[in-house]
Asker: 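Just dropping this structure here.
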Amino acid sequence: MTETTVPVRPVRILLCDDHAVVRAGLLALLDSAPDIEVVGEAGTGEEALALAAKLLPDVVLMDLQLGPGIDGVTATRRLTAAPGGRPHVLVLTTYDTDADITRAIEAGATGYLLKAERPEELFAAIHAAADGRTTLSAPVAGRVMANLRSPRPTLTARERDILAQLAQGLGNREIARALFISEATVKTHLGRIYDKLGVDTRAGAVAVAKEQRLLP
């Protein structure tokens with residue numbers, strides 16, 4: 001008796017990248033994989049949302065920076081929040097800052113890959129994403145683990161108030177007036193903020209606070 005082999009349906013992919021040359025390269029690469037099918041291309045987040053609703057891909061391969069319009073994180077959040085047959089989103093980007101990784105994962109991304117990955121690793125990540133399994137590039141996984149071992153610093157409510165004023169470019173005197181405290185108190189709080197964030201400048205404090213999402 002001859003056994004009948006049931007063909008495996010290829011993973012349906014929607015590409016979203018604002019660079020046409022990058023999309024063309026990815027399309028050529030993915031076309032070489034017999035079990036992956038690219039069903040659409042998008043150059044903006046808005047296009048990705050419209051095509052995903054129409055084409056119902058298994059996985060959206062999403063860049064983070066998409067030029068004008070909504071970014072990749074916002075598009076990811078909307079895609080993963082859509083009712084019904086929502087796709088999995090696999091981020092494929094050159095950006096690996098803590099802020100980018102955190103925002104993408106919190107938005108619902110199933111995986112986070114860097115564009116420097118080898119083709120076979122990308123293929124494996126696409127199949128993992130289609131199955132709902134998480135895949136992270138080694139540098140990304142390292143950052144995630146480091147953040148878990150070193151939790152975000154805890155700022156007091158007053159320190160957060162001062163940091164928010166700092167982010168607006170206010171000087172010590174202006175902060176003191178805005179919060180009805182003395183300049184000496186502002187300086188004391190700034191010293192504590194610098195110590196907690198591991199910086200020694202105002203610009204450094206704002207940069208770290210934004211990266212670690214300590215600002216509203």
Side-chain angles (χ1 to χ4, degrees), residues 10-33 35-53 55-82 85-148 152 210-213:
V11 177
R12 292 162 50 82
I13 297 291
L14 171 62
L15 297 179
C16 184
D17 195 295
D18 62 332
H19 293 97
V21 173
V22 173
R23 293 200 308 272
L26 285 171
L27 181 60
L29 176 63
L30 296 174
D31 275 348
S32 69
D35 48 2
I36 295 174
E37 177 187 4
V38 178
V39 297
E41 302 176 47
T44 67
E46 290 83 355
E47 287 180 355
L49 294 175
L51 287 175
L55 301 173
L56 302 179
D58 300 310
V59 176
V60 177
L61 208 55
M62 178 71 70
D63 193 11
L64 290 184
Q65 302 298 328
L66 298 174
I70 64 175
D71 64 4
V73 170
T74 302
T76 296
R77 183 176 295 108
R78 294 183 185 178
L79 285 168
T80 56
R86 58 190 180 190
H88 294 290
V89 176
L90 175 60
V91 170
L92 182 65
T93 185
T94 57
Y95 302 93
D96 64 345
T97 67
D98 291 346
D100 286 323
I101 296 167
T102 300
R103 290 177 63 228
I105 293 175
E106 289 181 347
T110 301
Y112 197 111
L113 245 60
L114 301 180
K115 289 181 177 178
E117 294 291 355
R118 294 174 297 177
E120 57 269 25
E121 292 174 336
L122 173 59
F123 298 158
I126 286 173
H127 284 284
D131 292 336
R133 292 181 283 115
T134 299
T135 301
L136 303 175
S137 288
V140 174
R143 283 182 173 274
V144 171
M145 291 302 296
N147 286 337
L148 289 174
R152 296 176 185 174
K210 287 182 177 178
E211 181 174 300
Q212 299 190 10
R213 305 188 71 190

Asker: Measure the CD1-CG distance between Ile36 and Leu29 for me, rounded to the nearest 0.5 Å.
Answerer: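 Here the rounded value is 8.0 Å.
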Asker: Taking the side chain as everything from C-beta on, heavy atoms only, tell me whether Ile13 gets closer than 4.5 Å to Glu41.
Answerer: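 A side-chain contact is absent here, since even the closest heavy-atom pair is not under 4.5 Å.
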Asker: Given side chains that start at C-beta, do those of Met62 and Leu90 come closer than 4.5 Å, heavy atoms only?
Answerer: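 They are not in side-chain contact.
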Asker: Could you walk me through whether Arg78 and Ile70 pass the side chain to side chain contact (heavy atoms under 4.5 Å, CB included) test, one step at a time?
Answerer: CA-CA 10 Å; Arg78 294 183 185 178; Ile70 64 175; 4.1 Å; yes
Asker: Check salt bridge (charged side-chain N to carboxylate O under 4.0 Å, His left out) between Asp71 and all other residues, then give those that pass, not counting sequence neighbours.
Answerer: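 Salt bridge (charged side-chain N to carboxylate O under 4.0 Å, His left out) check on Asp71 returns Arg103.
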Asker: Determine the sole option in Thr94, Asp100, Ile101, Leu92 for which the side chain to side chain contact (heavy atoms under 4.5 Å, CB included) test with Leu64 is passed.
Answerer: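 It is Asp100; the other options fail the test.
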Asker: Would you please test Arg23 and Asp63 for salt bridge (charged side-chain N to carboxylate O under 4.0 Å, His left out) and show each step?
Answerer: CA-CA 10 Å; Arg23 293 200 308 272; Asp63 193 11; over 6 Å; no
Asker: First locate atom CG of Leu26, then atom SG of Cys16, and finally report the distance between them rounded to the nearest 0.5 Å.
Answerer: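 One gets 11.5 Å once the value is rounded to the nearest 0.5 Å.
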Asker: Evaluate whether atom CZ of Phe123 has more than 12 neighbouring non-hydrogen atoms of other residues, nucleotides or ligands under 6.0 angstrom away.
Answerer: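 Counting neighbours around CZ of Phe123, more than 12 heavy atoms of other residues, nucleotides or ligands fall under 6.0 Å, so yes.
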Asker: Distance check, rounded to the nearest 0.5 Å: Thr135 atom OG1 versus Ile126 atom CD1?
Answerer: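 One gets 10.0 Å once the value is rounded to the nearest 0.5 Å.
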Asker: Sub-3.5 Å donor-acceptor pair from the side chain of Arg86 to the main-chain atoms of Thr80, do we have one?
Answerer: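 It does hold such a pair.
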Asker: Are any of the side-chain heavy atoms of Leu14 and Val59 separated by less than 4.5 Å?
Answerer: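 Side-chain contact under 4.5 Å: no.
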Asker: Side chains of Asp35 and His127: closer than 4.5 Å at any heavy-atom pair?
Answerer: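 Contact flag for Asp35/His127 side chains = yes.
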